[in-house]
Peer 1: 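Below is one structure. I have some questions about it.
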Amino acid sequence: MSTFALVDGNSFYASCERVFRPDLLGRPIIVLSNNDGCVVARSAEAKALGIPAFLPFYQVQQLCHKHRVAVFSSNYALYGDMSRRMMNVLSRFAPQQEIYSIDECFLDVTGIPDLDSHGHRIRQAVWQGLGIPTCVGMGSSKTLAKLANHVAKKRPEWNGVFEWDWLTPREADRLLAEFAVGEVWGIGRRIAHKLTQMNIHSALDLKQADPRHIKRKFNVVMERTVAELNGAPCLALEDVAPAKQQIISSRSFSRLVRNLPALSASISHHVARAAEKLRAQGCVAGLLGVSIRTNPFRELGQYHGYTCVPLIHPSADTLLLNHAAQAALRAIWRPEFSYHKAGIILMDIGTPAIQQRDLFSPLPDPKRAKLMAAIDKLNRNFGSGTVKLGAEGLSEDWRMRQDKKSPCYTTRVDEVARVK
DNA sequence: TCTGGGGTCCTAGGACCC
DNA sequence: TCTGGGGTCCTAGGACCC
(Lines give C-alpha, C1' and ligand atoms only; values in the text may rest on other atoms or scores of the structure.)
Protein backbone atom coordinates (compact mmCIF):
# COMPACT_ATOMS: atom_id res chain seq x y z
CA MET A 1 0.00 0.00 0.00
CA SER A 2 1.28 3.42 -0.90
CA THR A 3 1.67 6.37 1.41
CA PHE A 4 1.71 9.98 0.27
CA ALA A 5 2.95 12.94 2.27
CA LEU A 6 1.94 16.52 1.67
CA VAL A 7 4.39 19.09 3.01
CA ASP A 8 3.60 22.77 2.89
CA GLY A 9 5.00 25.97 4.27
CA ASN A 10 2.79 27.65 6.86
CA SER A 11 1.62 31.07 5.67
CA PHE A 12 4.39 30.72 3.14
CA TYR A 13 4.70 34.27 1.79
CA ALA A 14 4.36 35.79 5.24
CA SER A 15 6.95 33.35 6.59
CA CYS A 16 9.37 34.25 3.78
CA GLU A 17 9.09 37.91 4.70
CA ARG A 18 9.65 37.13 8.37
CA VAL A 19 12.84 35.18 7.68
CA PHE A 20 14.53 38.44 6.72
CA ARG A 21 12.74 40.57 9.29
CA PRO A 22 13.26 38.91 12.66
CA ASP A 23 12.04 42.14 14.24
CA LEU A 24 8.56 41.10 13.09
CA LEU A 25 8.51 38.01 15.29
CA GLY A 26 5.12 37.80 16.98
CA ARG A 27 3.68 40.63 14.90
CA PRO A 28 0.86 40.00 12.42
CA ILE A 29 2.03 39.98 8.79
CA ILE A 30 -0.01 40.00 5.61
CA VAL A 31 1.06 39.81 1.98
CA LEU A 32 -0.97 41.32 -0.84
CA SER A 33 -1.62 40.02 -4.34
CA ASN A 34 -0.33 41.73 -7.45
CA ASN A 35 -1.23 45.39 -7.61
CA ASP A 36 -1.70 45.33 -3.83
CA GLY A 37 -5.23 44.15 -4.54
CA CYS A 38 -6.21 41.35 -2.16
CA VAL A 39 -4.81 39.73 0.96
CA VAL A 40 -3.21 36.47 -0.19
CA ALA A 41 -1.18 35.38 2.83
CA ARG A 42 -1.61 35.92 6.55
CA SER A 43 0.65 34.97 9.43
CA ALA A 44 -0.96 33.10 12.34
CA GLU A 45 -1.21 36.39 14.24
CA ALA A 46 -3.01 38.04 11.30
CA LYS A 47 -5.44 35.10 11.06
CA ALA A 48 -6.11 35.46 14.76
CA LEU A 49 -7.14 39.09 14.15
CA GLY A 50 -9.86 37.74 11.88
CA ILE A 51 -8.41 39.01 8.60
CA PRO A 52 -9.98 36.82 5.93
CA ALA A 53 -8.07 35.59 2.89
CA PHE A 54 -8.69 37.05 -0.56
CA LEU A 55 -10.48 40.13 0.69
CA PRO A 56 -9.65 43.40 -1.10
CA PHE A 57 -6.96 45.09 0.96
CA TYR A 58 -8.75 48.41 1.37
CA GLN A 59 -11.53 46.63 3.25
CA VAL A 60 -9.14 45.59 6.02
CA GLN A 61 -6.76 48.53 5.85
CA GLN A 62 -8.21 50.19 8.96
CA LEU A 63 -7.98 46.99 10.93
CA CYS A 64 -4.37 46.51 9.83
CA HIS A 65 -3.46 50.00 10.87
CA LYS A 66 -5.08 49.61 14.24
CA HIS A 67 -3.22 46.39 15.06
CA ARG A 68 0.12 47.44 13.56
CA VAL A 69 -0.01 44.69 10.96
CA ALA A 70 3.10 44.53 8.76
CA VAL A 71 1.83 44.75 5.17
CA PHE A 72 3.90 43.60 2.17
CA SER A 73 3.37 43.72 -1.58
CA SER A 74 4.05 40.32 -3.08
CA ASN A 75 7.69 39.70 -3.93
CA TYR A 76 7.61 36.70 -6.24
CA ALA A 77 11.33 36.77 -6.91
CA LEU A 78 11.87 36.18 -3.19
CA TYR A 79 9.14 33.55 -2.72
CA GLY A 80 10.13 31.72 -5.89
CA ASP A 81 13.74 31.48 -4.76
CA MET A 82 12.79 30.41 -1.23
CA SER A 83 10.46 27.82 -2.76
CA ARG A 84 13.24 26.40 -4.91
CA ARG A 85 15.43 26.02 -1.81
CA MET A 86 12.65 24.43 0.22
CA MET A 87 11.82 21.91 -2.53
CA ASN A 88 15.49 21.07 -2.74
CA VAL A 89 15.63 20.23 0.96
CA LEU A 90 12.39 18.22 0.77
CA SER A 91 13.57 16.18 -2.20
CA ARG A 92 16.08 14.47 0.10
CA PHE A 93 13.28 12.85 2.09
CA ALA A 94 11.66 10.67 -0.56
CA PRO A 95 12.55 8.91 -3.79
CA GLN A 96 9.80 10.82 -5.59
CA GLN A 97 8.55 14.37 -5.29
CA GLU A 98 5.75 16.24 -7.02
CA ILE A 99 5.96 20.01 -6.70
CA TYR A 100 2.32 20.94 -6.54
CA SER A 101 2.50 24.67 -5.94
CA ILE A 102 4.94 27.33 -4.85
CA ASP A 103 4.67 26.25 -1.21
CA GLU A 104 3.67 22.60 -1.21
CA CYS A 105 4.78 19.26 -2.55
CA PHE A 106 3.75 15.63 -2.41
CA LEU A 107 6.34 13.06 -1.43
CA ASP A 108 6.13 9.30 -1.93
CA VAL A 109 6.94 7.98 1.54
CA THR A 110 5.75 4.43 0.84
CA GLY A 111 7.62 1.86 2.91
CA ILE A 112 9.57 4.36 4.99
CA PRO A 113 9.63 3.07 8.55
CA ASP A 114 8.56 5.26 11.45
CA LEU A 115 6.76 7.99 9.54
CA ASP A 116 6.30 9.92 12.77
CA SER A 117 9.97 10.71 13.19
CA HIS A 118 10.44 11.00 9.42
CA GLY A 119 7.82 13.76 9.41
CA HIS A 120 9.52 15.57 12.24
CA ARG A 121 12.90 15.31 10.53
CA ILE A 122 11.35 16.92 7.45
CA ARG A 123 10.04 19.84 9.49
CA GLN A 124 13.34 20.20 11.28
CA ALA A 125 15.36 20.23 8.05
CA VAL A 126 13.28 22.99 6.44
CA TRP A 127 13.30 25.00 9.63
CA GLN A 128 17.07 24.73 9.96
CA GLY A 129 17.78 25.30 6.29
CA LEU A 130 15.39 28.16 5.63
CA GLY A 131 13.65 29.28 8.80
CA ILE A 132 10.23 28.40 7.35
CA PRO A 133 7.74 26.47 9.51
CA THR A 134 5.99 23.58 7.74
CA CYS A 135 3.33 20.95 8.34
CA VAL A 136 3.35 17.35 7.15
CA GLY A 137 0.23 15.33 6.43
CA MET A 138 0.27 11.69 5.38
CA GLY A 139 -2.27 9.22 4.07
CA SER A 140 -2.83 6.45 1.54
CA SER A 141 -4.12 8.84 -1.14
CA LYS A 142 -3.27 12.39 -2.13
CA THR A 143 -6.68 13.59 -0.97
CA LEU A 144 -6.15 12.02 2.45
CA ALA A 145 -2.64 13.46 2.66
CA LYS A 146 -4.08 16.91 1.95
CA LEU A 147 -6.65 16.47 4.67
CA ALA A 148 -4.03 15.11 7.06
CA ASN A 149 -2.09 18.29 6.44
CA HIS A 150 -5.13 20.28 7.61
CA VAL A 151 -5.18 18.19 10.77
CA ALA A 152 -1.47 18.80 11.34
CA LYS A 153 -2.01 22.51 10.90
CA LYS A 154 -5.14 22.94 12.97
CA ARG A 155 -4.59 20.52 15.84
CA PRO A 156 -1.55 21.59 17.85
CA GLU A 157 -1.52 18.28 19.73
CA TRP A 158 0.04 16.62 16.67
CA ASN A 159 3.01 19.03 16.54
CA GLY A 160 2.71 19.63 12.82
CA VAL A 161 2.83 16.00 11.68
CA PHE A 162 -0.16 13.73 11.18
CA GLU A 163 -0.89 10.39 9.54
CA TRP A 164 -4.30 8.77 9.26
CA ASP A 165 -3.00 5.29 10.09
CA TRP A 166 -2.16 6.42 13.60
CA LEU A 167 -5.86 6.36 14.37
CA THR A 168 -8.24 3.42 14.56
CA PRO A 169 -10.84 3.44 11.73
CA ARG A 170 -13.44 4.60 14.21
CA GLU A 171 -11.28 7.50 15.45
CA ALA A 172 -10.42 8.44 11.88
CA ASP A 173 -14.10 8.64 10.94
CA ARG A 174 -14.83 10.75 13.98
CA LEU A 175 -12.10 13.17 12.90
CA LEU A 176 -13.35 13.20 9.29
CA ALA A 177 -16.78 14.13 10.60
CA GLU A 178 -15.28 17.31 12.07
CA PHE A 179 -14.21 18.62 8.65
CA ALA A 180 -16.75 20.40 6.48
CA VAL A 181 -17.04 18.86 3.05
CA GLY A 182 -15.76 22.10 1.50
CA GLU A 183 -12.37 21.51 3.12
CA VAL A 184 -11.78 18.43 1.01
CA TRP A 185 -9.34 18.94 -1.85
CA GLY A 186 -11.24 19.65 -5.07
CA ILE A 187 -14.47 20.68 -3.36
CA GLY A 188 -14.96 24.41 -3.82
CA ARG A 189 -17.75 26.70 -2.79
CA ARG A 190 -20.24 25.73 -5.47
CA ILE A 191 -19.88 21.98 -5.20
CA ALA A 192 -19.89 22.20 -1.40
CA HIS A 193 -23.22 24.01 -1.61
CA LYS A 194 -24.69 21.39 -3.92
CA LEU A 195 -23.43 18.59 -1.67
CA THR A 196 -24.95 20.24 1.38
CA GLN A 197 -28.31 20.24 -0.36
CA MET A 198 -27.86 16.52 -0.87
CA ASN A 199 -27.37 16.24 2.89
CA ILE A 200 -23.63 15.66 2.56
CA HIS A 201 -22.10 18.03 5.09
CA SER A 202 -18.81 16.61 6.33
CA ALA A 203 -15.79 14.88 4.84
CA LEU A 204 -17.12 11.70 6.46
CA ASP A 205 -20.50 12.10 4.72
CA LEU A 206 -18.72 12.36 1.38
CA LYS A 207 -16.53 9.36 2.15
CA GLN A 208 -19.64 7.30 2.87
CA ALA A 209 -21.63 8.56 -0.13
CA ASP A 210 -22.54 6.16 -2.92
CA PRO A 211 -19.87 6.68 -5.60
CA ARG A 212 -22.28 5.82 -8.44
CA HIS A 213 -24.72 8.39 -7.22
CA ILE A 214 -21.95 10.98 -6.95
CA LYS A 215 -20.76 10.19 -10.46
CA ARG A 216 -24.29 10.60 -11.80
CA LYS A 217 -24.87 13.91 -10.02
CA PHE A 218 -21.41 15.33 -10.71
CA ASN A 219 -18.68 13.66 -12.74
CA VAL A 220 -15.91 11.13 -12.68
CA VAL A 221 -13.54 13.55 -10.94
CA MET A 222 -15.86 13.70 -7.91
CA GLU A 223 -16.23 9.94 -7.96
CA ARG A 224 -12.46 9.70 -7.66
CA THR A 225 -12.49 12.04 -4.68
CA VAL A 226 -14.87 9.67 -2.89
CA ALA A 227 -12.59 6.73 -3.65
CA GLU A 228 -9.55 8.68 -2.45
CA LEU A 229 -11.30 9.51 0.83
CA ASN A 230 -11.79 5.78 1.25
CA GLY A 231 -8.06 5.26 0.95
CA ALA A 232 -8.03 4.02 -2.64
CA PRO A 233 -5.46 6.17 -4.49
CA CYS A 234 -6.71 7.31 -7.92
CA LEU A 235 -4.24 10.15 -8.44
CA ALA A 236 -0.64 9.18 -9.00
CA LEU A 237 2.34 11.21 -7.94
CA GLU A 238 3.52 13.16 -10.97
CA ASP A 239 7.21 13.74 -10.54
CA VAL A 240 7.54 15.25 -14.00
CA ALA A 241 5.08 18.07 -14.48
CA PRO A 242 2.78 17.35 -17.43
CA ALA A 243 3.05 19.92 -20.20
CA LYS A 244 0.52 22.68 -19.80
CA GLN A 245 -2.28 22.77 -22.33
CA GLN A 246 -2.65 26.51 -22.09
CA ILE A 247 -0.41 29.26 -20.75
CA ILE A 248 -1.81 32.56 -19.61
CA SER A 249 -0.04 35.76 -18.79
CA SER A 250 -2.26 38.61 -17.73
CA ARG A 251 -2.25 41.46 -15.28
CA SER A 252 -4.32 44.40 -14.23
CA PHE A 253 -2.75 47.84 -14.48
CA SER A 254 -1.95 50.11 -11.59
CA ARG A 255 -4.26 52.67 -13.20
CA LEU A 256 -6.53 52.77 -16.21
CA VAL A 257 -4.75 52.73 -19.55
CA ARG A 258 -6.21 54.45 -22.55
CA ASN A 259 -3.57 54.68 -25.24
CA LEU A 260 -2.61 51.97 -27.67
CA PRO A 261 1.19 52.19 -27.26
CA ALA A 262 0.98 51.39 -23.54
CA LEU A 263 -1.41 48.49 -24.16
CA SER A 264 0.85 47.29 -26.92
CA ALA A 265 3.88 47.36 -24.63
CA SER A 266 2.05 45.38 -21.96
CA ILE A 267 0.94 42.77 -24.51
CA SER A 268 4.56 42.42 -25.70
CA HIS A 269 5.56 41.87 -22.10
CA HIS A 270 2.94 39.15 -21.61
CA VAL A 271 3.96 37.43 -24.84
CA ALA A 272 7.57 37.37 -23.65
CA ARG A 273 6.59 35.88 -20.30
CA ALA A 274 4.27 33.24 -21.74
CA ALA A 275 6.67 32.28 -24.53
CA GLU A 276 9.43 31.77 -21.98
CA LYS A 277 7.20 29.33 -20.09
CA LEU A 278 6.29 27.64 -23.34
CA ARG A 279 9.95 27.12 -24.26
CA ALA A 280 10.69 25.88 -20.76
CA GLN A 281 8.38 22.93 -21.37
CA GLY A 282 9.80 22.39 -24.83
CA CYS A 283 6.59 23.11 -26.71
CA VAL A 284 5.17 25.33 -29.42
CA ALA A 285 1.76 26.99 -29.56
CA GLY A 286 -0.60 26.99 -32.51
CA LEU A 287 -3.10 29.53 -31.26
CA LEU A 288 -2.67 32.82 -29.49
CA GLY A 289 -5.40 34.84 -27.80
CA VAL A 290 -5.30 38.49 -26.75
CA SER A 291 -7.64 39.97 -24.20
CA ILE A 292 -8.15 43.54 -22.99
CA ARG A 293 -10.89 44.62 -20.65
CA THR A 294 -12.30 47.54 -18.77
CA ASN A 295 -12.74 47.51 -15.01
CA PRO A 296 -15.77 45.32 -14.21
CA PHE A 297 -16.15 47.03 -10.83
CA ARG A 298 -16.87 50.34 -12.48
CA GLU A 299 -20.26 51.46 -13.63
CA LEU A 300 -19.97 52.74 -17.15
CA GLY A 301 -18.71 51.63 -20.52
CA GLN A 302 -17.86 47.97 -20.08
CA TYR A 303 -15.93 46.28 -22.86
CA HIS A 304 -14.10 43.01 -23.12
CA GLY A 305 -12.14 42.65 -26.32
CA TYR A 306 -10.91 39.17 -27.08
CA THR A 307 -9.75 37.45 -30.19
CA CYS A 308 -7.46 34.59 -31.04
CA VAL A 309 -5.28 34.07 -34.06
CA PRO A 310 -4.03 30.77 -35.43
CA LEU A 311 -0.35 30.63 -36.28
CA ILE A 312 0.63 29.18 -39.63
CA HIS A 313 3.68 27.60 -38.07
CA PRO A 314 3.19 26.67 -34.41
CA SER A 315 5.96 28.49 -32.63
CA ALA A 316 7.64 29.38 -29.36
CA ASP A 317 9.43 32.37 -30.86
CA THR A 318 8.69 35.50 -28.86
CA LEU A 319 9.07 37.77 -31.88
CA LEU A 320 6.76 35.74 -34.09
CA LEU A 321 4.18 35.35 -31.35
CA ASN A 322 4.35 39.04 -30.59
CA HIS A 323 3.79 39.92 -34.22
CA ALA A 324 0.53 37.93 -34.15
CA ALA A 325 -0.44 39.35 -30.77
CA GLN A 326 -0.01 42.94 -31.90
CA ALA A 327 -2.22 42.37 -34.92
CA ALA A 328 -4.86 40.83 -32.66
CA LEU A 329 -4.62 43.78 -30.28
CA ARG A 330 -5.17 46.29 -33.10
CA ALA A 331 -8.25 44.32 -34.13
CA ILE A 332 -9.91 44.50 -30.72
CA TRP A 333 -8.76 47.88 -29.45
CA ARG A 334 -11.50 50.51 -29.20
CA PRO A 335 -10.25 54.03 -28.56
CA GLU A 336 -13.28 55.08 -26.52
CA PHE A 337 -12.49 52.83 -23.55
CA SER A 338 -9.99 52.93 -20.71
CA TYR A 339 -8.54 49.55 -19.92
CA HIS A 340 -7.99 47.85 -16.58
CA LYS A 341 -6.41 44.57 -17.57
CA ALA A 342 -4.60 43.00 -20.50
CA GLY A 343 -3.28 39.57 -21.17
CA ILE A 344 -2.50 36.84 -23.62
CA ILE A 345 -3.17 33.13 -23.73
CA LEU A 346 -1.27 30.46 -25.62
CA MET A 347 -3.29 27.45 -26.76
CA ASP A 348 -3.11 24.46 -29.04
CA ILE A 349 0.16 23.59 -27.39
CA GLY A 350 2.19 20.66 -28.64
CA THR A 351 5.65 19.36 -29.32
CA PRO A 352 7.50 20.83 -32.28
CA ALA A 353 8.10 17.40 -33.88
CA ILE A 354 5.02 17.47 -36.07
CA GLN A 355 5.15 20.57 -38.19
CA GLN A 356 2.79 21.37 -41.00
CA ARG A 357 4.55 22.89 -44.00
CA ASP A 358 2.84 25.85 -45.52
CA LEU A 359 3.19 26.29 -49.22
CA PHE A 360 3.14 30.06 -49.25
CA SER A 361 5.10 31.08 -46.21
CA PRO A 362 8.76 30.44 -45.49
CA LEU A 363 9.80 28.04 -42.76
CA PRO A 364 10.89 29.64 -39.50
CA ASP A 365 14.55 30.55 -39.30
CA PRO A 366 16.39 27.93 -37.19
CA LYS A 367 18.78 30.61 -35.94
CA ARG A 368 15.89 32.18 -34.06
CA ALA A 369 15.57 29.15 -31.78
CA LYS A 370 19.18 29.72 -30.74
CA LEU A 371 18.47 33.37 -30.10
CA MET A 372 15.53 32.45 -27.85
CA ALA A 373 17.64 29.91 -25.98
CA ALA A 374 20.29 32.57 -25.41
CA ILE A 375 17.73 35.04 -24.09
CA ASP A 376 16.28 32.44 -21.73
CA LYS A 377 19.72 31.60 -20.42
CA LEU A 378 20.61 35.21 -19.77
CA ASN A 379 17.34 35.84 -17.98
CA ARG A 380 17.77 32.69 -15.92
CA ASN A 381 21.28 33.52 -14.88
CA PHE A 382 21.04 37.26 -14.41
CA GLY A 383 17.44 37.70 -13.37
CA SER A 384 14.31 37.98 -15.43
CA GLY A 385 14.08 41.15 -17.47
CA THR A 386 17.84 41.25 -18.19
CA VAL A 387 17.05 40.86 -21.89
CA LYS A 388 13.68 41.89 -23.19
CA LEU A 389 11.92 43.04 -26.31
CA GLY A 390 12.27 46.66 -27.30
CA ALA A 391 8.51 46.53 -27.80
CA GLU A 392 8.00 45.98 -24.07
CA GLY A 393 9.09 49.56 -23.68
CA LEU A 394 11.15 51.23 -21.02
CA SER A 395 8.28 53.12 -19.53
CA GLU A 396 6.91 51.54 -16.39
CA ASP A 397 3.88 53.73 -15.98
CA TRP A 398 1.35 50.96 -16.76
CA ARG A 399 3.00 48.44 -14.48
CA MET A 400 1.81 47.15 -11.15
CA ARG A 401 1.36 48.97 -7.96
CA GLN A 402 3.74 47.52 -5.39
CA ASP A 403 4.09 50.13 -2.73
CA LYS A 404 5.20 47.83 0.05
CA LYS A 405 7.60 45.45 -1.59
CA SER A 406 10.46 43.98 0.41
CA PRO A 407 13.96 43.70 -1.09
CA CYS A 408 14.91 40.68 -3.20
CA TYR A 409 17.20 39.44 -0.46
CA THR A 410 18.24 36.22 -2.15
CA THR A 411 18.27 37.06 -5.84
CA ARG A 412 19.76 40.55 -6.17
CA VAL A 413 23.21 41.35 -4.91
CA ASP A 414 22.35 45.00 -4.35
CA GLU A 415 19.42 44.01 -2.16
CA VAL A 416 20.95 41.42 0.17
CA ALA A 417 20.25 41.81 3.86
CA ARG A 418 22.78 43.92 5.74
CA VAL A 419 23.97 43.20 9.24
CA LYS A 420 24.91 46.34 11.08
C1' DT B 1 -9.22 59.78 -4.49
C1' DC B 2 -9.83 55.28 -4.91
C1' DT B 3 -8.86 50.95 -4.18
C1' DG B 4 -11.29 44.32 -6.25
C1' DG B 5 -5.20 38.59 -8.21
C1' DG B 6 -3.58 35.12 -11.41
C1' DG B 7 -3.54 30.55 -13.57
C1' DT B 8 -5.37 26.07 -15.27
C1' DC B 9 -8.64 22.88 -16.75
C1' DC B 10 -13.37 21.50 -17.79
C1' DT B 11 -17.90 21.80 -19.78
C1' DA B 12 -22.22 23.37 -21.65
C1' DG B 13 -23.98 25.27 -25.46
C1' DG B 14 -23.83 27.39 -30.00
C1' DA B 15 -22.46 27.21 -34.89
C1' DC B 16 -21.61 24.53 -38.57
C1' DC B 17 -21.53 20.49 -41.43
C1' DC B 18 -22.93 16.07 -43.36
C1' DT C 1 -43.94 23.78 -45.47
C1' DC C 2 -41.70 22.02 -41.84
C1' DT C 3 -39.10 18.67 -39.64
C1' DG C 4 -35.28 15.22 -38.48
C1' DG C 5 -29.84 13.23 -35.85
C1' DG C 6 -25.26 13.31 -34.72
C1' DG C 7 -20.63 14.71 -34.86
C1' DT C 8 -16.90 18.27 -34.47
C1' DC C 9 -15.05 22.45 -33.39
C1' DC C 10 -14.96 26.65 -30.90
C1' DT C 11 -15.69 29.68 -27.09
C1' DA C 12 -17.36 31.88 -22.97
C1' DG C 13 -17.97 31.07 -18.56
C1' DG C 14 -17.68 28.03 -14.52
C1' DA C 15 -15.07 25.83 -11.08
C1' DC C 16 -11.16 24.93 -8.80
C1' DC C 17 -6.57 26.01 -6.77
C1' DC C 18 -3.01 28.88 -4.29
Side-chain angles (χ1 to χ4, degrees), chain A residues 6 8-16 30-42 52-62 64 71 73-76 79-80 83 99-106 142-143 146 149-150 153 181-195 218-222 224-225 235 238 241-256 270 273-274 277-278 281 286-291 293-299 304-310 338 340-349 399-404:
Chain A
L6 181 86
D8 79 338
N10 303 345
S11 316
F12 187 69
Y13 298 169
S15 298
C16 287
I30 63 170
V31 180
L32 307 178
S33 65
N34 283 321
N35 259 318
D36 294 347
C38 297
V39 177
V40 290
R42 306 156 293 153
F54 300 105
L55 209 68
F57 173 54
Y58 71 92
Q59 291 180 18
V60 291
Q61 204 161 9
Q62 291 277 333
C64 289
V71 181
S73 302
S74 43
N75 183 345
Y76 284 102
Y79 313 145
S83 170
I99 296 173
Y100 176 68
S101 76
I102 192 163
D103 75 325
E104 59 192 306
C105 72
F106 289 101
K142 283 174 149 186
T143 304
K146 270 275 202 185
N149 182 274
H150 283 296
K153 203 162 283 167
V181 71
E183 291 183 82
V184 176
W185 189 34
I187 312 291
R189 217 184 49 236
R190 293 299 286 265
I191 292 175
H193 181 69
K194 196 169 162 189
L195 285 169
F218 296 91
N219 52 36
V220 66
V221 180
M222 278 286 288
R224 275 205 285 264
T225 299
L235 304 166
E238 289 170 342
K244 289 181 174 49
Q245 296 176 45
Q246 55 174 229
I247 295 172
I248 294 177
S249 174
S250 71
R251 190 132 301 171
S252 30
F253 301 119
S254 52
R255 52 188 172 74
L256 295 180
H270 290 306
R273 265 184 18 123
K277 285 190 206 169
L278 183 65
Q281 70 176 34
L287 199 60
L288 178 147
V290 175
S291 153
R293 70 188 317 163
T294 53
N295 187 346
F297 294 105
R298 292 253 175 134
E299 293 285 312
H304 183 188
Y306 172 74
T307 190
C308 58
V309 279
S338 292
H340 165 72
K341 186 173 183 176
I344 71 120
I345 171 169
L346 299 177
M347 292 164 287
D348 204 357
I349 290 174
R399 288 185 190 240
M400 310 191 252
R401 180 162 44 226
Q402 281 190 315
D403 295 338
K404 307 165 184 72

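Numbered from 1 within each chain, the chains take letters A, B, ... in sequence-line order.
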Peer 1: Toward the 5' end of DNA chain B, which comes first, A:Phe297 or A:Lys277, by nearest nucleotide?
Peer 2: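 Its nucleotide being nearer the 5' end, the pick is A:Phe297.
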
Peer 1: Which residues satisfy the side-chain hydrogen bond (donor to acceptor under 3.5 Å, both in side chains) test with A:Lys153, sequence neighbours excluded?
Peer 2: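 side-chain hydrogen bond (donor to acceptor under 3.5 Å, both in side chains) check on A:Lys153 returns A:Asp8, A:Asn149.
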
Peer 1: Stem list for DNA chain C, please, built from Watson-Crick and G-U wobble pairs under 3.5 Å and keeping only runs of at least 3.
Peer 2: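 Expected stems, ordered by start: B:5-18 with C:5-18.
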
Peer 1: Can you confirm whether the side chains of A:Ser291 and A:His304 place a donor and an acceptor under 3.5 Å from each other?
Peer 2: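 Short answer, yes.
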
Peer 1: Tell me whether the count of non-hydrogen atoms from other residues, nucleotides or ligands lying under 6.0 Å of NZ in A:Lys404 goes above 12.
Peer 2: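 Result for NZ/A:Lys404: enclosed.
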
Peer 1: Measure the distance from CG on A:Asn295 to P on B:dC2 and round it to the nearest whole Å.
Peer 2: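 Taking CG of A:Asn295 and P of B:dC2, I get 13 Å after rounding.
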
Peer 1: Phosphate oxygens OP1/OP2 of B:dG7: is one of them under 4.0 Å from a side-chain N or O of A:Arg273?
Peer 2: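 For A:Arg273, the contact criterion (side-chain N or O under 4.0 Å from OP1 or OP2 of B:dG7) is met.
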
Peer 1: Figure out the OH/C1' separation between A:Tyr79 and B:dG7, and round it to whole Å.
Peer 2: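 Rounding to the nearest Å, OH of A:Tyr79 and C1' of B:dG7 are 18 Å apart.
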
Peer 1: Within the pair A:Ser252 and B:dG6, is there a side-chain N or O less than 4.0 Å away from OP1 or OP2?
Peer 2: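 Answer yes for this pair, as a side-chain N or O of A:Ser252 is under 4.0 Å from OP1 or OP2.
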
Peer 1: Say we look at C:dG4 and B:dC18: how far apart would their C1' atoms be, to the nearest angstrom?
Peer 2: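 Between the two C1' atoms, the distance is 13 Å.
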
Peer 1: What one-letter contact string describes nucleotides 8-18 of chain C from 5' to 3', where B marks a base within less than 4.0 Å of any protein heavy atom, S marks contact via sugar-phosphate atoms alone, and - marks no contact?
Peer 2: ---SS--SSSB

Peer 1: With a non-hydrogen cut-off below 4.0 angstrom, is A:Lys341 in contact with a base, only sugar-phosphate, or nothing?
Peer 2: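 Answer is sugar-phosphate: A:Lys341 comes under 4.0 Å of backbone atoms only.
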
Peer 1: Output all residues satisfying side-chain hydrogen bond (donor to acceptor under 3.5 Å, both in side chains) with A:Thr307, sequence neighbours left out; order by chain, then residue number.
Peer 2: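 Here no residue qualifies.
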
Peer 1: Quick one: list whatever passes ring-ring contact (aromatic ring centres under 6.0 Å, His included) with A:Tyr100, sequence neighbours left out.
Peer 2: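 If we apply the ring-ring contact (aromatic ring centres under 6.0 Å, His included) test to A:Tyr100, skipping adjacent residues, the hits are A:Phe106, A:Trp185.
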
Peer 1: Compare every heavy atom of A:Ile187 with every heavy atom of A:Leu195, then report the nearest pair and how far apart it is.
Peer 2: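 Nearest heavy atoms, A:Leu195 then A:Ile187: CD1-CG2, 4.0 Å.
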
Peer 1: A:Phe54: which residues meet the ring-ring contact (aromatic ring centres under 6.0 Å, His included) condition with it, sequence neighbours left out?
Peer 2: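 If we apply the ring-ring contact (aromatic ring centres under 6.0 Å, His included) test to A:Phe54, skipping adjacent residues, there are no hits.
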
Peer 1: So, OP1 or OP2 of B:dG7: does either fall under 4.0 Å of a side-chain N or O from A:Ser250?
Peer 2: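 So the side-chain polar atoms of A:Ser250 do come within 4.0 Å of the phosphate oxygens OP1 or OP2 of B:dG7, strictly under.
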
Peer 1: Base, sugar-phosphate or nothing for A:Ser74? Non-hydrogen atoms, less than 4.0 Å.
Peer 2: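 Nothing: the residue A:Ser74, judged by heavy atoms under 4.0 Å, touches no strand.
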
Peer 1: A:Pro56: which residues meet the side chain to side chain contact (heavy atoms under 4.5 Å, CB included) condition with it, sequence neighbours left out?
Peer 2: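 Side chain to side chain contact (heavy atoms under 4.5 Å, CB included) list for A:Pro56, sorted by chain: A:Tyr58, A:Gln59.
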
Peer 1: Can you work out whether A:Asn34 or A:Gln246 has the more 5'-proximal nearest nucleotide on DNA chain B?
Peer 2: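 Per heavy-atom nearest nucleotide, the more 5' residue is A:Asn34.
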
Peer 1: Considering residues at least two apart in sequence or located in another chain, which fulfil the side-chain hydrogen bond (donor to acceptor under 3.5 Å, both in side chains) criterion with A:Glu183?
Peer 2: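 A:Glu183 satisfies side-chain hydrogen bond (donor to acceptor under 3.5 Å, both in side chains) with A:Lys154 only.
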
Peer 1: Assign A:Gln245 to base, sugar-phosphate, or nothing according to its heavy-atom contacts below 4.0 angstrom with the strands shown.
Peer 2: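 Counting heavy atoms under 4.0 Å across all strands, the contact made by A:Gln245 is with sugar-phosphate only.
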
Peer 1: NA contact type, A:Ile247, heavy-atom cut-off 4.0 Å: base, sugar-phosphate, or nothing?
Peer 2: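 Contact class for A:Ile247: sugar-phosphate only.
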
Peer 1: B:dT3, OP1 or OP2 - any side-chain N/O from A:Arg298 closer than 4.0 Å?
Peer 2: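 The answer is yes; a side-chain N or O of A:Arg298 sits under 4.0 Å from OP1 or OP2.
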
Peer 1: Does A:Ser33 have any side-chain hydrogen bond (donor to acceptor under 3.5 Å, both in side chains) partners at least two apart in sequence or in another chain, and if so, which?
Peer 2: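 A:Ser33: no side-chain hydrogen bond (donor to acceptor under 3.5 Å, both in side chains) contacts found.
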
Peer 1: Using atom CG of A:Asn35 as one end and atom C1' of B:dT3 as the other, report the distance to the nearest whole Å.
Peer 2: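 Distance, rounded to whole Å: 10 Å.
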
Peer 1: What integer distance in Å separates A:Arg251:CZ from B:dG6:C1'?
Peer 2: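 It works out to 7 Å between those atoms.
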
Peer 1: Grab the CD-C1' distance between A:Gln62 and B:dT3 for me, whole Å please.
Peer 2: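 Computing the A:Gln62:CD to B:dT3:C1' distance gives 13 Å.
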
